[in-house]
Each structure stands twice: as C-alpha cells, then as structure tokens.
Amino acid sequence: MNDRAPAPGGLALLQSLVNTLDIETGTDALDTVEGRAGLGLAAADVEAARELRESLRAVCLAHAGHPAHREVRPLDELLASAPLVVTVSAADGSATLRPADPAALASRVAAAVAESLTAGTWLRLKACEAPDCHWAYYDRSPAGRGRWCSMSVCGARAKMRRYRAK
C-alpha cells in the first residue's frame with residue numbers, strides 16, 4: 001500500500017518485516033518461501049519473526065502517537081537476547097554495532113535499531129493510523145507529523161470518511 005520511498009539504512013529491514021502482513025487482505029508474506037527468503041528466514045523462524053513483527057508494529061504506532069493495535073510482548077524483551085558486537089574501524093576509529101550472528105533476525109533488528117538511534121531516524125519509522133492498514137512507513141515530512149502510509153489511499157479514505165460524517 002505504501003507509495004513512499006523505503007526507510008534509510010537498517011530501518012529498511014524493520015519496515016520490510018512489519019510490512020510482511022497486509023492487514024486489509026490478511027496476506028502474510030511469511031507464509032511463502034519467497035517472503036521468508038527476502039528476510040533470510042527459515043520456516044522454523046516464522047513464529048518468532050511474527051512476534052517480532054507485531055512488537056515492531058506496536059512501536060511504530062507509538063512513534064505516530066497511537067496505542068498498540070493489540071497486546072504484544074515488548075520489543076525490548078524480544079531484543080534483550082539479541083547479541084551485538086562493537087566493531088571499531090582501524091582507519092578512522094568509527095564504531096558500529098553489528099549482529100553477532102548475522103543470520104539471527106532479532107540481532108539484525110537490534111543492530112538496525114541501534115544504528116537508527118545513532119542516526120536520529122528511529123522515531124521517524126511509523127505505522128499508518130488507518131486501523132485496516134498499520135503499514136510501516138518512514139516519515140520524511142519536515143515536521144515529522146505524517147499520519148498515513150499513503151496520502152492517495154489511506155489519507156484519502158480518512159478524509160472522505162470525515163467529509164461524509166459532516
């Protein structure tokens with residue numbers, strides 16, 4: 001549904017994970033081999049990935065000022081056991097956090113969160129306020145007050161509902 005440019009850096013992984021479920025149609029990309037392959041997941045990893053996805057969705061909704069869509073396990077609990085490694089460049093002394101196990105989705109998500117915190121982009125990853133959507137998007141608006149994943153779809157629907165209610 002999202003007609004916006006992908007999120008920058010590691011946030012693109014988080015955005016892709018949240019957007020594996022189309023709430024409106026009920027289609028879950030994690031049910032397909034192709035959908036799992038896009039995230040580097042095996043079939044055995046699907047349930048943990050779904051739990052992580054819904055916790056991320058709740059955080060994205062919070063970034064947009066909305067309550068969680070349902071009860072979820074807090075993201076910090078899911079990421080607490082995701083090991084990261086500090087890497088320091090010999091060339092310039094810059095430091096980064098990277099997953100200790102690049103195959104582990106939780107570690108890749110934790111590294112992306114850490115990267116986006118450092119870059120100041122974490123709070124810009126939001127979820128659409130439309131209850132039948134909740135698609136993740138990166139809010140590039142100057143004031144950071146974007147509300148919908150797509151102005152032409154979810155924004156137009158909300159404005160039409162508001163108009164008709166008058």
Does a side-chain heavy-atom distance below 4.5 Å link P6 with Y138? no
Main-chain N/O of S141 paired to R124 side chain as donor or acceptor, under 3.5 Å: yes
Which atom pair, heavy atoms only, marks the closest approach of I23 to P131? CG2-O, 4.1 Å
Check P83 against S81 and note the closest heavy-atom contact, atom names and distance. CD-O, 3.0 Å
Decide side chain to side chain contact (heavy atoms under 4.5 Å, CB included) for R53 and T20; before the verdict, give the C-alpha distance in whole Å, the side-chain angles of both, and the deciding distance to 0.1 Å. CA-CA 8 Å; R53 172 184 69 197; T20 57; 2.9 Å; yes
Going by heavy atoms in the side chains, are L105 and L17 under 4.5 Å from each other? yes
Please list every donor-acceptor pair under 3.5 Å in which a side-chain atom of residues 66-75 meets a protein atom from a residue at least two apart or in another chain.
| residue | atom | partner | partner atom | Å |
| --- | --- | --- | --- | --- |
| H66 | NE2 | A64 | O | 3.4 |
| H69 | NE2 | E54 | OE1 | 2.7 |
| R73 | NE | E77 | OE1 | 3.3 |

Does the side chain of S16 pick up a donor-acceptor pair with the side chain of N19 at under 3.5 Å? no
Tell me, do H134 and L61 make a side-chain contact under 4.5 Å, heavy atoms counted? yes
Under 4.5 Å between any side-chain heavy atoms of R108 and P99, yes or no? yes
Taking all atoms of both residues into account, what is the closest heavy-atom pair of A7 and L11, and its distance? CB-CB, 3.6 Å
How long is the straight-line distance from CH2 of W122 back to CG of L117, given to the nearest 0.5 Å? 7.0 Å
Under a 4.5 Å cut-off applied to non-hydrogen side-chain atoms, are L79 and L52 in contact? yes
Nearest heavy atoms of T32 and A29, plus distance in Å: OG1-O, 2.8 Å
Hey, is the main chain of L125 close enough, under 3.5 Å, to the side chain of H63 for a donor-acceptor pair? yes
Can you check whether L41 reaches V46 side chain to side chain, under 4.5 Å on heavy atoms? no
Just wondering, do C133 and E24 contact through their side chains at under 4.5 Å, heavy atoms? no
Identify the heavy atoms of L84 and S107 that sit nearest to each other, and give their distance. CD2-O, 3.5 Å
In Å, rounded to the nearest 0.5 Å, how long is the span from CG of L39 to CG of D45? 10.5 Å
Between A136 and Q15 the two heavy atoms that sit nearest each other are O-NE2, 3.4 Å
Run the side chain to side chain contact (heavy atoms under 4.5 Å, CB included) check on V85 and L97 step by step: do they pass? CA-CA 5 Å; V85 176; L97 287 172; over 6 Å; no
Is it possible for you to say whether V59 and L21 belong to one hydrophobic cluster, with membership spreading through side-chain heavy-atom contacts below 4.5 Å? no
Can you get from V18 to L123 by hopping between Ile, Leu, Val, Met, Phe, Trp and Tyr side chains that sit under 4.5 Å apart? yes
Any L30 side-chain heavy atom under 4.5 Å of R50 side chain: yes
